[in-house]
There are 2 protein chains.
Amino acid sequence: MDGSVKERLLAAARALFSEKGFDRTSVREIAGAAGANAASVSYYFGGKEGLYRAVLEEIWEELKRHFGKSMPENRPPMERIEGFVRGLFAFHAANPSLIRLINRELADPTPCFETVIVPHVERIAGILKSSISESVAGGDLREGTDPAIAALLLASMSNYVFLVGPVARRVILDPERSLEGLPEAILTVFRKGVACREA
Amino acid sequence: MDGSVKERLLAAARALFSEKGFDRTSVREIAGAAGANAASVSYYFGGKEGLYRAVLEEIWEELKRHFGKSMPENRPPMERIEGFVRGLFAFHAANPSLIRLINRELADPTPCFETVIVPHVERIAGILKSSISESVAGGDLREGTDPAIAALLLASMSNYVFLVGPVARRVILDPERSLEGLPEAILTVFRKGVACREA
DNA sequence: AATCGTTTAAAACATTTGTTTGCTATTCTA
DNA sequence: TAGAATAGCAAACAAATGTTTTAAACGATT
């Protein structure tokens, strides 16, 4: 075991919460995986929920950094939109089963939702919506496009696969199919769906 | 209270499971809402999971009937595709917060997943994919369209809003915006995204 | 070396969970 | 009508959970 108990708890909690969700993970299980005692969860994080909150915040910080790179502010809006989709897929590739933690929170909010999730989602949604607005103004997307709806549909396509998980992926996609071409497919559908000129 | 205890349990369980999910709903809570005793859950359904399974099966039967009407087999494939989207939205409108139960199961499978969810999803996915294939063959959708990916993206757009629930809808869409025009927006994006001629 | 605050573990604790056990009332049947 | 089966409930039960308590080990500082 390397790292402090606190760090190990955080890492173990992250893995277990990601895989099974908040409710189906017990503090004893986390502590066991971290090679620590169950009491240390309350000691360091004030309880199970505090640990969960810490995990969520850690993830959002990473996602923020990630989007900071894939959606550069100084680039044209259409590039930021593409960066959103590609960045999301790349992040997932680097952290399998992790986005499910966030999405699970979107589907079934815990008390953390309002304090840690909403602000971050609002931020990303804001960037996405304004990028779309700018693209409309700049003539890259069709006049009359509703930024909120367009953002929602883009987020839908980009998130759903990860949300429904490998099991459901198996049912809809072919069993051994990779997600290789999906970001491009999404962008193509998005572009043709709301664009007024070919990319 | 009307109906037998068994029926009342089923109705209460359906409402509570839909709203809060399996883990966060206790049998005492269900029994209380049904005006019955907690023991009756084990008595009639063999346990909490049995009751949950019964609820899921009931919902799928309804959804099946619903899709049977909105996706008529004797109509052209593009109409079935439209029927999928409109039917899903209509079903949701009639049963708010209910599709979340199914989607929650997709995101976090319980033991019921393999036995009750997979077969039904496979069925719908099959219909969707073959409708898309036929549309491609018939010239309504672009040559080279991948039916599996197209079906996945359509399902993504149609399901995500309901999955993330009212709370997250608030964040992405405007607060008081209705879902009125969404099915048409989805179909437009889908058509333009993978169609080769305007609808 | 003694003392203080921090860290860790084991055990005890209080709750909540789903389920089972008896027992009572009702309903159907012979 | 007598008896058996079913329906329903309150209470008891066992297991699991998150948390608190208690105490021991450790490390730095004086």
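All chains are named by letter (A, B, ...) in the order of the sequence lines, taking the proteins before the strands, and each is independently numbered beginning at 1.
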Those residues that, when tested against [X], pass salt bridge (Lys or Arg N to Asp or Glu O under 4.0 Å) (two or more places apart):
X        : result
B:Glu58  : B:Arg14
A:Arg169 : none
B:Glu184 : B:Arg86
B:Arg65  : none

Item to check | Contacts of type ring-ring contact (aromatic ring centres under 6.0 Å, His included), residue A:Phe22, not counting sequence neighbours | outcome: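 A:Phe22 satisfies ring-ring contact (aromatic ring centres under 6.0 Å, His included) with A:Phe17, A:Tyr52 once adjacent residues are dropped.
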Next on the checklist: So, using ring-ring contact (aromatic ring centres under 6.0 Å, His included) as the criterion, who are the partners of A:Phe45 when residues are at least two apart?
Outcome noted: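 Once residues adjacent in sequence are excluded, A:Phe45 has no partner under the ring-ring contact (aromatic ring centres under 6.0 Å, His included) criterion.
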Next on the checklist: Considering only residues two or more places apart or on different chains, which pairs with a residue in residues 25-38 of chain A satisfy side-chain hydrogen bond (donor to acceptor under 3.5 Å, both in side chains)?
Outcome noted: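 Sorted result for residues 25-38 of chain A: A:Lys20-A:Glu29.
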Next on the checklist: Do A:Asn159 and B:Val164 have side chains that approach each other closer than 4.5 Å (heavy atoms only, starting at C-beta)?
Outcome noted: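 Side-chain contact under 4.5 Å: no.
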Checklist entry - For DNA chain D, what residues of residues 12-25 of chain B have any heavy atom nearer than 4.0 Å? => result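 Here the set is empty: none.
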Item to check | Those residues of residues 36-53 of chain A lying under 4.0 Å from DNA chain D by at least one heavy atom | outcome: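 Listed by number, they are A:Ala39, A:Ser42, A:Gly47, A:Lys48.
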Under 3.5 Å donor-acceptor pairs involving side-chain atoms of residues 150-157 of chain B, not counting sequence neighbours:
from	atom 1	to	atom 2	distance (Å)
B:Ser156	OG	B:Leu152	O	2.7

Item to check | All pairs passing salt bridge (charged side-chain N to carboxylate O under 4.0 Å, His left out) where residues 123-137 of chain A contributes a residue, at least two apart | outcome: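 Found A:Arg80-A:Glu134.
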Next on the checklist: Can you measure A:Arg28 atom CZ to D:dG18 atom P for me and round it to whole angstrom units?
Outcome noted: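 For the pair A:Arg28 CZ and D:dG18 P, the rounded distance is 7 Å.
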Next on the checklist: For a quick check of understanding: with a heavy-atom distance under 4.0 Å over all strands, which category does B:Val27 fall into, base, sugar-phosphate or nothing?
Outcome noted: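 The residue B:Val27 makes base contact.
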Next on the checklist: What range of DNA chain C does chain A touch, first nucleotide to last, counting atoms under 4.0 Å from its heavy atoms?
Outcome noted: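 Footprint of chain A along DNA chain C, 5' to 3': C:dT6 to C:dA12.
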